[in-house]
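Report on one structure; see the data block that follows.
Because the structure is predicted, anything quoted here is derived from the model rather than measured. First the proteins, then the strands, lettered A, B, ... as listed; each starts at 1.
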There are 2 protein chains.
Amino acid sequence: MKDVAAAAGVSATTVSRVLAGNYPVSASTRKRVLRAVQDLDFVINAQARALVGGSTRTVAFIVRDLVGPLFAYIGQGVEQQATAEGRVCLVCTHHGDADRELELIELMREQQAEAVVLVGGGLRTPEHLERMAQIARSLERVGSRLVLCGRPPIGPDAPATVVEYDNEGGAFAVTNYLLSLGHRRIAFVGAAEPDHTTTSARFDGFTRAHAAHGLTVDPGLVAGGTFDRESGYRQTKALLTRDTGMTAVVGITDIVASGVLAALHEAGLRIPEDISVAGYDDIPQSADLNPPLTTVHIPHEELGRSAVRLALHRDDYAQDQHLMLGTHVVIRKSTAPPSVPSALTGH
Amino acid sequence: MKDVAAAAGVSATTVSRVLAGNYPVSASTRKRVLRAVQDLDFVINAQARALVGGSTRTVAFIVRDLVGPLFAYIGQGVEQQATAEGRVCLVCTHHGDADRELELIELMREQQAEAVVLVGGGLRTPEHLERMAQIARSLERVGSRLVLCGRPPIGPDAPATVVEYDNEGGAFAVTNYLLSLGHRRIAFVGAAEPDHTTTSARFDGFTRAHAAHGLTVDPGLVAGGTFDRESGYRQTKALLTRDTGMTAVVGITDIVASGVLAALHEAGLRIPEDISVAGYDDIPQSADLNPPLTTVHIPHEELGRSAVRLALHRDDYAQDQHLMLGTHVVIRKSTAPPSVPSALTGH
DNA sequence: CTTCGTGTAGAAAACGTTAACTATGCTGCC
DNA sequence: GGCAGCATAGTTAACGTTTTCTACACGAAG
């Protein structure tokens with residue numbers, strides 16, 4: 001910048017003012033400065049500006065993986081809103097490791113991010129919650145803001161913005177839909193990690209729908225596993241060997257459901273004639289699966305956008321730092337009434 | 001940091017040294033400092049450190065969209081390698097706007113990113129190439145590095161790291177495969193934007209394979225469109241109304257191919273019995289399409305990792321700043337010999 | 001007993017920018 | 001003509017680190 005100032009025959013302050021445009025500068029001076037900026041191909045140093053200006057104009061988002069379509073869509077929302085608000089985006093992945101997640105938040109605190117958006121579900125043990133609350137307070141102290149996007153609040157005292165969706169309600173709705181079709185033996189694939197907010201909320205909805213129909217969930221129909229396709233495939237294989245009498249399967253995720261579908265196809269079962277399948281998330285490619293998948297829609301992008309919007313304008317939205325967005329079932333071709341409902345009901 | 005120093009009864013210099021660990025500090029002093037850091041919940045200011053230390057330890061990657069699975073996988077590679085090298089990742093999207101892409105590079109120059117990775121194909125007009133070369137030089141001047149990931153080099157004089165894959169070769173191979181099966185009327189969907197590197201390379205491979213069989217491409221079988229599913233769907237609809245006699249379709253992208261499949265299904269055509277379909281990219285969900293898609297595999301993640309590795313260690317890999325990774329055809333169920341090959345050959 | 005080296009600590013300058021303050025030359029008014 | 005007020009530009013300090021240089025004490029060697 002000194003070089004530019006010298007080339008234009010002015011002081012550094014004037015250059016700064018021309019670039020920022022927040023102070024009157026005469027037209028001729030402005031022209032000379034701009035000319036020098038061009039000639040020297042000068043760009044401002046964002047670090048130095050942040051150091052004195054107070055804000056880095058940076059939003060961080062921390063996500064399980066870049067490749068999971070759900071995360072990608074939420075991430076897209078975060079990025080778009082951040083860009084729209086003139087911010088730059090930092091991104092990190094933790095691959096499902098809760099401790100790594102905390103480390104990353106710390107790293108983002110060093111980076112002085114204006115907001116740190118945690119995308120997707122997370123661990124919910126008392127210790128982890130306590131550490132998270134502490135981190136939320138640490139962030140607040142440096143003027144940053146913790147944002148939970150797709151995850152329930154940490155606690156009443158922790159300063160955090162929360163934008164979640166009705167996870168449990170969606171699971172209730174899709175399970176209820178299957179039950180209404182006449183299914184009584186519904187498997188749930190992907191129930192491991194009971195301390196994970198997404199897992200527990202979805203399983204709770206599954207259970208509550210059964211209860212609403214006066215039924216209890218058969219533990220033999222509950223399979224564990226992780227959030228990937230491979231897991232859905234393997235767990236379904238295992239279920240099939242056990243002769244559970246299931247007529248429908250709910251995958252905890254569309255990705256998991258695609259593994260479920262693969263295993264069922266391999267076993268020669270027709271979908272939905274022989275067995276119904278439902279997923280969760282409504283990722284775009286669900287419509288292209290074979291058959292197109294019945295699932296629960298989440299307002300992915302809106303989730304990400306709101307997260308950033310609320311966090312950056314938290315003075316304007318002061319009393320509104322907890323948003324719950326709705327979910328709804330999307331019925332496609334992978335679900336139908338069971339073929340011999342009465343015969344199986346009493347199983 | 002001054003607070004920590006005061007709390008520990010030492011100077012700021014000493015605190016810095018304890019944290020950096022690059023200077024001998026007595027055990028007792030270290031303990032006191034660490035204690036104060038804990039008590040005050042201190043984190044270093046990355047901006048200030050970057051300002052004096054010279055490096056921001058930041059890698060930027062600029063991508064069309066976060067949600068395209070191809071980009072996501074390459075991005076994943078970038079992020080992983082950057083993290084492995086102790087860097088932090090900045091991400092931006094340009095949604096296919098080439099000018100916006102240039103703006104973003106400029107923005108990343110302000111951010112003093114150590115490397116700026118451009119993911120995916122791009123525009124290739126003379127003017128754009130010239131501006132790009134200029135930007136590459138600008139980046140070099142501030143110690144940063146332009147990295148082209150999945151795009152051919154700008155020119156011999158532009159300082160850039162290039163990690164590309166054999167785009168044209170893959171298109172040749174998959175087209176050649178269809179021709180070998182006996183197809184003679186092969187449509188190409190997604191050929192708009194002829195100045196786009198990805199489009200032109202893939203179309204060139206398509207053309208060259210025809211030439212190798214002594215054939216020329218019928219312009220009536222070449223459909224335009226963009227890189228999304230909707231475009232594949234619409235273009236295929238249009239092709240179907242024109243009675244082209246096509247027995248196979250190559251989608252410029254797996255995403256486009258999924259739209260092609262949808263349109264063909266809707267028209268009541270069986271795949272591959274009535275018509276074959278191939279895609280490009282081998283995104284993971286291609287295996288779950290109906291039917292599983294024959295496509296061209298790209299080493300997505302390796303592409304991203306190499307890009308970062310080469311850029312950050314360009315003194316070690318000085319003479320090796322242009323890498324070309326291989327592609328290969330993945331044969332699945334969406335392709336088969338044409339049902340009445342001889343009848344259509346002479347079309 | 002001086003001198004030297006070594007281990008540890010601090011002071012001061014520097015990084016590139018902005019903000020608060022100060023200075024200069026005009027214009028216009030009494 | 002003197003002076004208030006305004007438009008424009010410059011000076012200086014500050015942001016939070018690291019780095020370079022300097023300082024001090026202590027033990028060992030001559």
Return the set of residues passing salt bridge (charged side-chain N to carboxylate O under 4.0 Å, His left out) with [X] (not counting sequence neighbours), or none when no residue passes.
X: B/Arg151; result: B/Glu101
X: B/Asp320; result: none
X: B/Glu140; result: none
X: B/Asp315; result: none

What are the atom names and distances for every N/O pair under 3.5 Å that joins the protein to nucleotides 14-23 of chain C?
unit_1, atom_1, unit_2, atom_2, d
C/dT17, OP1, A/Asn45, N, 3.0
C/dT17, OP2, A/Met1, N, 3.3
C/dT18, OP1, A/Arg49, NE, 2.9
C/dT18, OP1, A/Arg49, NH2, 3.1
C/dT18, OP2, A/Ser16, OG, 2.3
C/dA19, N6, A/Thr13, OG1, 3.2

**Asked** Are A/His94 and A/Glu103 close enough that a side-chain donor and a side-chain acceptor fall under 3.5 Å?
**Response** no
**Request:** Could you verify whether a donor N or O on one side chain and an acceptor N or O on the other, from A/Glu79 and B/Thr93, lie under 3.5 Å apart?
**Result:** yes
**A/Tyr317 ring center near A/His322 ring center (under 6.0 Å)** = no
**Prompt:** What are the bounds, 5' to 3', of the part of DNA chain D that sits under 4.0 Å from heavy atoms of chain B?
**Reply:** D/dG16 to D/dT20
